[in-house]
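Start at 1 and go down the list; that is how both ligands and their atoms are numbered.
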Amino acid sequence: MNINDSVLLISGANRGIGKALAFQALARGAKVYAGARDPSTVRIPGAIAVQLDVNDESSVAHAARDLTDVTVLVNNAGIGHPGGFLDPNGVEEARVQMETNYFGVLRLTRAFAPTLISHGGGAIVNVLSIATWLHGPPLSVYTSTKTAAWALTNALRQELKAHGTQVVGVHVGFVDTDLTRGLEVPKVQPQDVAKAALDGLEDGLDEVLVDEVTRQAKQSLSTARPIYLTGLEIIRATA
Ligand SMILES: NC(=O)c1ccc[n+]([C@@H]2O[C@H](COP(=O)([O-])OP(=O)(O)OC[C@H]3O[C@@H](n4cnc5c(N)ncnc54)[C@H](OP(=O)(O)O)[C@@H]3O)[C@@H](O)[C@H]2O)c1
């Protein structure tokens, strides 16, 4: 995939990782549609701001109807609320976070897959997380939505294989954005996530593991004590 002659639609591009992805893609010569619930909040010179709420069927349908030249769909929009399944609002929170982090990805992908296929396959980049494999407090509900989105990503890759669509899952630990504000943990910069994701896209990868902690998490899955049993402690112990 050559980003230079690609047309990207990035959901949640007005801040955080999505904004960094938009800047990186523009710097590599792409045309960029910066999707945002409120397009007036998009401040990215060179990008085309478009209204896009991934939870809203009609917003997604309008985008798919209007943006017929998209060759790369970046499912970046996401929410992350602290909380557990046994909290008083555990069921409601699971529904709310699944709506954006899972159904939002599904909704946007279904809407744009025909466009990608019409341009020879194109690509889908899904912004996932170390949370795909690391569960429990303080982000129990959020982490489960990312596991669901990972399964969706893997299934879509198989479903779209015959059409030549590259499907990239991007996994990363904590990133310095609004989503992790107040969390006193080591964080990578959104620009580093954007660079790794677009490098992976250009290299034809299926999966991008952005940082060392995420690479260790993935490696642990083939051990007797994977990270979903041990938590981050196993990584801290071997660091
Ligand atoms: N930060 C981390 O540590 C981290 C780590 C791994 C993965 N991720 C993932 O990276 C992605 C981006 O997160 P971030 O850290 O950049 O968070 P962020 O700074 O909080 O930005 C989230 C973005 O998603 C948008 N969004 C939320 N709900 C939406 C909806 N229904 N429709 C359209 N856009 C919506 C937000 O738009 P508004 O401005 O309108 O709210 C905002 O642009 C998420 O999928 C997140 O799960 C983050």
Out of all atoms in ligand 1, which are within 4.0 Å of some heavy atom of [X]? Include the element for each.
X	answer
Asn55	31 (N)
Gly78	22 (C), 24 (O), 27 (C), 44 (C), 45 (O)
Thr100	28 (N)
Thr180	1 (N), 2 (C), 3 (O)
Asp178	19 (O)

Of [options], which has the heavy atom at the shortest distance from [atom]?
atom	options	result
atom 44 (C) of ligand 1	Thr177, Val127, Asn76	Asn76
atom 36 (C) of ligand 1	Arg15, Glu99, Gln97	Arg15
atom 16 (O) of ligand 1	Val172, Asn14, Ile17	Ile17

Protein contact of [atom] - nearest heavy atom, named by residue and atom, plus distance:
atom	answer
atom 34 (N) of ligand 1	Ala77 CB, 3.4 Å
atom 5 (C) of ligand 1	Gly173 O, 3.2 Å
atom 13 (O) of ligand 1	Leu179 CD1, 4.0 Å

So for [X], does at least one of its heavy atoms come nearer than 4.0 angstrom to any atom of ligand 1?
X	answer
Val193	no
Lys146	yes
Gly35	no

Kindly assign one of parallel, tilted or perpendicular to the pair Trp133 and His171, based on the angle between their ring planes and the thresholds 30° and 60°.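 Because their plane-to-plane angle is under 30°, the rings of Trp133 and His171 count as parallel.
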If you count every heavy atom of other residues, nucleotides or ligands that lies below 6.0 Å from Leu86 atom CG, does the total exceed 12?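 No, the 6.0 Å shell around CG holds no more than 12 heavy atoms from other groups.
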For the 3.5 Å polar cut-off, considering only N or O atoms, please tell me whether [X] and ligand 1 meet it.
X	answer
Val54	yes
Asp38	no
Phe174	no
Ile79	no

With side-chain hydrogen bond (donor to acceptor under 3.5 Å, both in side chains) as the rule and sequence neighbours excluded, what pairs involving residues 37-48 come up?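 Every side-chain hydrogen bond (donor to acceptor under 3.5 Å, both in side chains) pair that includes a residue of residues 37-48, provided the two are not neighbours, is Asn14-Thr41, Asp38-Ser40.
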Check this for me, if you would: do Asp178 and Arg181 make a salt bridge, where the nitrogen-to-carboxylate-oxygen distance has to be below 4.0 angstrom?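 Between Arg181 and Asp178 there is a salt bridge, with a charged N closer than 4.0 Å to a carboxylate O.
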Can a salt bridge be assigned to the pair Glu212 and Arg215 using a cut-off of 4.0 Å between side-chain N and carboxylate O?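 So Glu212 pairs with Arg215 through a salt bridge.
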Do the side chains of [Y] and [X] get nearer than 4.5 Å, heavy atoms only?
X	Y	value
Ile44	Lys19	yes
Arg107	Asn55	yes
Phe23	Pro45	yes
Asp87	Glu93	no

Is [X] touching ligand 1 with its side chain, its backbone, both, or neither, if touching means heavy atoms under 4.0 Å apart?
X	answer
Leu128	backbone
Leu52	backbone
Asp53	both

If you link ILVMFWY side chains whenever their heavy atoms are less than 4.5 Å apart, which other residues fall into the same cluster as Val141? By chain and number, please.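 Result for Val141 is Phe85.
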